[in-house]
Amino acid sequence: PEPEPEPEPEPESRIIGDIDESGDVDPNTTLSSNSDIQYLMDYLVGTQPANTDFLVAADMNKDGIVDVADLVRLASYIKGEMTISGDIIP
């Protein structure tokens, strides 16, 4: 008999806005080089490459496009001006 195929690993959950993959959305508003908002700004100006995980976490408004609207939403979320429903992406 043929061996059974290995089960595929479960995809990791991603937190919307956790662009730097630190495990949470950084409340750092000083724009340090490792903050979520800095990563997104760097991507928007073309100095930060993006992979699928990055794009999923950075798409704050879930419209399928990572753009300035997502940056505005991330900044509002960090400043506590809004909440985001469905923060965890399965």
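Residues take their numbers from the sequence shown, with the count starting at 1.
Sorted by first and then second residue, the ring-ring contact (aromatic ring centres under 6.0 Å, His included) pairs with a member in residues 41-64 read Y43-F54; sequence neighbours excluded.
Residue L55 comes nearest to A50 through the heavy atom pair CD2-CB, 3.8 Å, listed as atom of the first residue, atom of the second, then distance. Between G17 and V25, the shortest heavy-atom distance links the atoms C-CG2, 3.6 Å. Across M60 and Y77, no two heavy atoms sit closer than the pair CE-CB, 4.5 Å.
Under the side-chain hydrogen bond (donor to acceptor under 3.5 Å, both in side chains) criterion, S22 pairs with D18, D20, D24, D26, not counting sequence neighbours. Legend: residues meeting side-chain contact (heavy atoms from CB on, under 4.5 Å) with V68, ordered by chain and number and at least two apart, are L44, V72. In this structure T52 satisfies the side-chain contact (heavy atoms from CB on, under 4.5 Å) test together with V56, sequence neighbours excluded. Among residues two or more places apart in sequence or in another chain, the side-chain contact (heavy atoms from CB on, under 4.5 Å) test is passed with N61 by D59, D63, A69, D70, R73.
Between atom CD of residue Q48 and atom CD of residue Q38 there is a gap of 9.5 Å, rounded to the nearest 0.5 Å. Taken from CG in D36 to CD in E21, the straight-line distance is 10.0 Å, to the nearest 0.5 Å.
Side-chain atoms of I19 and I37, non-hydrogen and from C-beta on, never get closer than 4.5 Å to each other. Residues L74 and I16 are not in side-chain contact: their nearest non-hydrogen atoms beyond the backbone lie 4.5 Å or more apart.
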